[in-house]
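Comments concern the structure below.
Lettering of chains follows the sequences in order, A, B, ..., and the numbering in each one begins at 1.
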Protein chains: 2
Amino acid sequence: MAGGRPREFDVEVALDQAVRVFWQRGYEGAALSDLTEAMGINRPSLYAAFGNKESLFRKALERYTDRQAVHVRDALGCPTARAAAERMLRGAVEVSTQADCPAGCLSLQAGLAMSEDAVATRERLADWRRTGEAGLRERFERARDEGDLPAGTDPGDLAKFVVAVAQGISVQAADGVGREQLHRLVDLALTAWPA
Amino acid sequence: MAGGRPREFDVEVALDQAVRVFWQRGYEGAALSDLTEAMGINRPSLYAAFGNKESLFRKALERYTDRQAVHVRDALGCPTARAAAERMLRGAVEVSTQADCPAGCLSLQAGLAMSEDAVATRERLADWRRTGEAGLRERFERARDEGDLPAGTDPGDLAKFVVAVAQGISVQAADGVGREQLHRLVDLALTAWPA
DNA sequence: CGGGTTCTGTACCGCTTGGTCAAGAACCTG
DNA sequence: CAGGTTCTTGACCAAGCGGTACAGAACCCG
């Protein structure tokens with residue numbers, strides 16, 4: 001019973017790279033060759049250290065939870081409920097817009113993202129979403145001009161808010177949340193409407 | 001110059017099936033064999049009628065825009081800005097929770113969804129999101145018990161709202177929206193906070 | 001009916017995917 | 001140094017991917 005050859009890479013460093021690849025390309029979009037290249041190891045080393053692709057993703061998600069999505073835990077420790085909510089949302093913004101990481105949140109991005117050769121389609125979808133938002137913004141601009149919205153209201157910000165809630169609704173529906181609950185979510189969102 | 005053999009399938013019906021497959025499995029998760037099977041045609045017929053996979057997806061997205069995402073257009077025609085916002089959000093709920101269609105919105109689902117053999121991973125991600133929401137809900141329950149939240153407030157609804165906004169933020173960040181704009185979105189969302 | 005045209009079905013292509021085998025190198029212990 | 005253990009390397013696998021070639025069937029027009 002001897003020590004054996006020591007591995008030549010740092011497991012945690014390699015895992016961090018795997019997080020980035022999954023975050024950027026998504027689960028299925030991240031090919032093993034993408035992963036091994038970014039992690040600086042070759043295939044059998046990856047399998048020996050992390051199991052298969054799914055197991056690697058599980059570990060990457062755990063590491064993401066510890067290192068990136070800290071606001072989710074932090075929020076629970078906040079003194080007031082409102083502070084918790086704000087911590088959650090501000091944290092989501094910060095994590096999603098880090099300079100040296102892929103934009104967005106791994107939990108959605110792992111699905112939302114696609115492999116390199118589907119760039120055109122991903123961009124088409126983003127354009128589709130932006131077009132919907134732009135229509136809403138223009139409608140809100142008209143409303144402001146007509147006095148239907150308070151003068152201090154920014155139509156662009158308001159459109160982004162409405163679209164963000166709609167997108168959140170879609171995600172939650174995909175996760176199995178029912179229609180009645182989502183309508184209550186809309187009720188709540190609409191209480192944010194500028195008086 | 002003659003007519004040639006007529007095609008044996010209805011292009012629009014086949015396209016509707018393609019919409020469903022993309023909606024359910026995502027763009028990359030939808031294999032050509034999934035598409036041809038659902039559409040009831042075989043491969044060369046698909047290529048002759050729709051071009052390649054990307055072109056088929058483009059047409060499917062157009063059809064989805066016309067047939068499913070009607071609330072996006074409808075909203076723009078509403079009499080007031082607030083009605084437009086509400087139409088947008090209620091429509092998102094309805095489309096995302098139709099009984100005979102995949103849950104969620106194609107524009108996100110086309111990325112969020114995965115192929116059949118990645119079910120475990122997709123479910124893991126959904127669980128991850130639900131866990132975060134559950135933590136927030138429990139925090140809000142405590143807050144209500146402590147009088148930090150009004151007695152009439154439903155902690156579960158509030159948690160769903162906060163999480164939905166956070167998810168919307170992630171999507172928008174992935175689509176290139178900057179940090180400052182997203183923080184303004186948070187400001188707006190927080191005005192919905194129960195007094 | 002014959003010629004031209006377009007669709008359908010099968011079989012196939014090159015390529016990439018996730019995953020593994022077997023040989024050799026590098027280490028620890030005795 | 002010898003034996004056992006573990007890592008690294010490169011080649012390899014079956015299966016699935018998106019996409020296509022080709023032959024035959026079904027139609028329209030003259």
Rounded to the Å, how far apart are [X] [atom1] and [N] [atom2]?
X       : N      : atom1 : atom2 : answer
A:Met39 : D:dT9  : CE    : P     : 14 Å
A:Lys53 : C:dT16 : NZ    : P     : 16 Å
B:Asp34 : D:dA15 : CG    : C1'   : 15 Å
B:Glu28 : C:dT16 : CD    : P     : 15 Å
B:Glu8  : C:dT6  : CD    : P     : 16 Å
A:Phe9  : D:dT8  : CZ    : P     : 5 Å
A:Ile41 : D:dG10 : CD1   : P     : 14 Å
B:Arg5  : C:dT6  : CZ    : C1'   : 9 Å

Regarding [X] and [Y], is there a side-chain donor-to-acceptor distance under 3.5 Å anywhere?
X       : Y       : result
B:Asn52 : B:Ser55 : no
A:Gln98 : A:Gln68 : yes
B:Arg90 : B:His71 : no

side-chain N/O A:Ser45 vs D:dC7 OP1/OP2, d < 4.0 Å: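 It does not, given that no N or O in the side chain of A:Ser45 lies less than 4.0 Å from OP1 or OP2 of D:dC7.
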Side chain of B:Leu32 - closest among D:dG10, C:dT8, D:dG18: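 Output: D:dG18.
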Centroid separation A:Trp23 to A:Phe57 less than 6.0 Å: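 Judged by ring-centre distance (under 6.0 Å), A:Trp23 and A:Phe57 do not meet the cut-off.
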Residue closer to the 5' end of DNA chain D, A:Asn42 versus B:Arg43 (nearest nucleotide):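 Looking at DNA chain D, the more 5' nearest nucleotide goes with A:Asn42.
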Sugar-phosphate only, base, or nothing, as touched by A:Pro6 at under 4.0 Å among non-hydrogen atoms: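 Sugar-phosphate only.
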Sugar-phosphate, base or nothing in reach of A:Ala31, heavy atoms under 4.0 Å: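 Contact class for A:Ala31: sugar-phosphate only.
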